[in-house]
Amino acid sequence: MVRVHEKVKEFVRHRWVVFVCAMWDMSFAGTSYMFGSISPVIKSSMGFNQKQVAFLSVAKDLGDNVGLLAGKFSQLYPISTLILVGVFQNVLGYGLVWLVVTHRLPAFPLWLLCILIFVGQNGSTYYNTAALVSSVQSFPESRGHVVGILKGFVGLSGAIWTQIIAMMKLPDQASLIFIIAVGPAMVSLALIFIIRPVHSYKQSRASDESGFMFIYSICLLLAAYMTGVLLLENVLHLDQTIISMFAFILIILILLPIIVPILLVFFSGPQSADQEALLEPPLLQGTKSKNVIGESSSTARVTKHVENEKSIPPNLEVLPLSEGPRDMFQIQARLWQALTNALRKINLKNGPRRGEDFTLSQAMAQGDFWVMFFSLVMGAGSGLTIINNMGQICQSLGDNNVNVYVSVISISNFLGRVGGGYFSEVIVRNFGYPRLVALAVIQAMMSLGLFYYMVGLVGQVYVVGILNGFGYGAHWSIALAAASELFGVKNFGTLYNFLTMASPAGSLFLSGFVASTIYDYYAEQQAKHRMMQTFEVSNLAISYHVIANNSEVLLCEGNICFSLTCGILALVCLFAASLSLVIAHRTRRFYAQLYEESRR
């Protein structure tokens, strides 16, 4: 009985349990993807027009991406505090929206509803920060896998909620707002005492790679399952029993990753102290196998997250007197301590180097940080532009299967976030290339998809949807992992939340100005051409003025509506890829030393 009790305690404190629980939390935290499902009921209940609904959408996007306060909280308070703040904002914001929409409270003005939706959606940034910071700090040697998988489940959460809600058979559409208000909060509260950083570098084992491979297989199975369910629901008329069975199977698939920590804790043999020493991660082994004084400064900076715990190397903490006179060893220890203090003072004066822990202000003083940010602005901004305009793209081509394409983008986004993390890990560990090389490849792939749509070839909507959905998702697994490597994990929460603002910033310009301006131009030209065929020349000026001022009549038809936009976005993605390659060139030596041991 005592043995079982010890195993249970070890299980709860194991870093794989932390990671799996973070995955579950992220599976239900991506409620921003469900705004399209709740906007119609808000519009009808409040009597809003489309422009007013667009303001609510902007408030939702800002709330989902502006998380600097959550990042700052992650530096000052424990992870449980972050989750509690996120729960409070989530319930308060969307709870009040639900009360207003169901007329349990008097109608609020538009500006106040925007604030409430911002507050409610901003709660997800606390969930995301808590999960990412805990997992990255628990798996510093596998951050590409960790970030990719967690961000992947965020992208899939909209589809997960859709299946669960279909099983629940809600009485009305307004009840969906209530689910968004309390659902993620309940999941996060259930996991609040498990999700936290586990600082134990000796827990890294060879089985970790097998664990990640198992979870990747679960991710692929989930994507295939969701695709199959989507096709069946669109082709066949399924009864409630089958829909409930599909949701039940989905929940089982989400729970399957818990098998990894169960096997590691309850079915793996105990390790001796010598075996534990041999199973330390490559980054830690590399520091012990070299003479610390003779190390290059780059390697010392890379391993700083381990060496912080020990200001003096282990072989100098206890000095064997049998190797020489006592005074000689005392002199050496004092010299080493003086040298260490001097180097520390120099580093504090000159600021951190690559691989050390940067604050946000220190990172913003680095050119690499801004080059990465603008690469995300152009790359992720282009992907989000296509995602936001998918409805009008289908409408312009006369295709009514908008829900199918949106689901295809959601699944591609999930695969991109998961596959991008795995691809970047292969790049850095097997070949020693900088992680941003993987991002440049992804951005070039997005450019090809956009060019394909511009030419107007067969299946253009599927091609641009799959490639841009995959590429948009891959941005967040690759870039965030690279940021943690270049700028450290101590302040990762703040850096992560700043970088996520690149996506709405890029979409604001590329979608709000470029795509919309081109669409309106061609819509006006087509309206003018139709009038010339329908009305007499004497009535042309008056009729055109009326149509041009009626935004609902201005509809563009044909491939021309977005072909020029896609051509511009393709060039933007190529420029983003060139920026990623600039950072890759500048950091090639850093990455060659960072993962040198793992390639031996």
Side-chain angles (χ1 to χ4, degrees), residues 20 23-40 148-173 175-176 179-180 183-184 186-187 214-259 387 390-391 394 399-420 422 459 461-470 472-474:
V20 171
M23 289 169 52
W24 293 342
D25 198 17
M26 294 298 94
S27 298
F28 299 95
T31 53
S32 64
Y33 297 96
M34 301 176 66
F35 183 79
S37 299
I38 65 174
S39 58
I149 292 171
L150 290 181
K151 297 301 289 183
F153 275 94
V154 173
L156 197 64
S157 59
I160 292 172
W161 273 118
T162 300
Q163 291 300 315
I164 294 176
I165 289 168
M167 177 183 67
M168 297 170 64
K169 202 174 181 180
L170 298 178
D172 52 50
Q173 201 69 7
S175 301
L176 182 56
I179 295 296
I180 294 176
M186 292 174 62
V187 174
F214 176 76
I215 292 179
Y216 277 126
S217 65
I218 296 296
C219 292
L220 293 176
L221 183 60
L222 263 174
Y225 177 77
M226 294 297 296
T227 303
V229 170
L230 172 67
L231 292 175
L232 287 176
E233 290 179 347
N234 281 276
V235 173
L236 304 176
H237 180 71
L238 304 177
D239 59 23
Q240 188 62 32
T241 303
I242 296 178
I243 292 175
S244 299
M245 182 186 68
F246 284 156
F248 182 72
I249 295 173
L250 175 63
I251 293 174
I252 292 177
L253 290 176
I254 295 173
L255 295 176
L256 276 182
I258 196 63
I259 293 175
I387 293 173
M390 183 53 66
C394 295
D399 195 332
N400 296 323
N401 296 319
V402 180
N403 291 333
V404 174
Y405 293 120
V406 170
S407 298
V408 166
I409 287 179
S410 177
I411 295 172
S412 300
N413 183 14
F414 166 70
L415 291 175
R417 294 176 185 234
V418 174
Y422 177 76
V461 182
Y462 278 107
V463 172
V464 75
I466 291 173
L467 292 183
N468 277 269
F470 185 92
Y472 175 76

Problem - From CA spacing to verdict: side chain to side chain contact (heavy atoms under 4.5 Å, CB included), Y472, I409 - result: CA-CA 10 Å; Y472 175 76; I409 287 179; over 6 Å; no

Practice task
Take I252 and L255 through the test side chain to side chain contact (heavy atoms under 4.5 Å, CB included) and record every step on the way to the result.
Solution key: CA-CA 5 Å; I252 292 177; L255 295 176; 5.8 Å; no

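No more than 12 heavy atoms of other residues, nucleotides or ligands lie within 6.0 Å of CE in M186, so this atom counts as exposed by the packing criterion.
Side-chain contact between I180 and W161 is absent, with no heavy-atom pair separated by less than 4.5 Å. The closest side-chain heavy-atom distance from L156 to R417 is not below 4.5 Å. Taking 4.5 Å as the limit, some side-chain heavy atom of I160 sits within range of a side-chain heavy atom of F28. Contact check for C219 versus I215: side-chain heavy atoms found under the 4.5 Å cut-off. For the pair I258 and W24, the minimum side-chain heavy-atom distance is below 4.5 Å.
Closest of all the heavy-atom pairs between V154 and M26 is CG2-SD, 3.4 Å. Looking at every heavy atom in both residues, V418 comes nearest to G152 through CG2-CA, 4.0 Å. Taking both residues in full, the closest heavy atoms of G473 and N413 are given as CA-OD1, 3.0 Å, listed atom of the first, atom of the second, then distance.
Looking at Q240, its side chain does come within 3.5 Å of a backbone N or O of M167 through a donor-acceptor pair. Using a distance-only test at 3.5 Å, with no hydrogens or angles considered, a donor-acceptor pair links the side chain of S157 to the main chain of G30.
Proximity of the aromatic rings of F414 and F153 is defined here by a centroid distance below 6.0 angstrom, and this criterion is met.
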Would you be so kind as to tabulate the donor-acceptor pairs closer than 3.5 Å made by side chains of residues 221-230, with sequence neighbours excluded?
from, atom 1, to, atom 2, distance (Å)
Y225, OH, F246, O, 2.6
T227, OG1, A223, O, 2.8

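I164 contributes atom CD1, which lies 4.5 Å from atom CD1 of I251 (distance to the nearest 0.5 angstrom). Residue S217 holds its OG atom at 9.0 Å from CG of L256, rounded to the nearest 0.5 Å. We find the CD1-OG distance between I38 and S175 to be 12.5 Å, quoted to the nearest 0.5 Å.
With sequence neighbours excluded, the residues forming a side-chain hydrogen bond (donor to acceptor under 3.5 Å, both in side chains) with Y216 are H145, listed by chain and number. Taking the side-chain contact (heavy atoms from CB on, under 4.5 Å) definition, one finds that N468 meets it with I386, M446, L450, V464, sequence neighbours left out.
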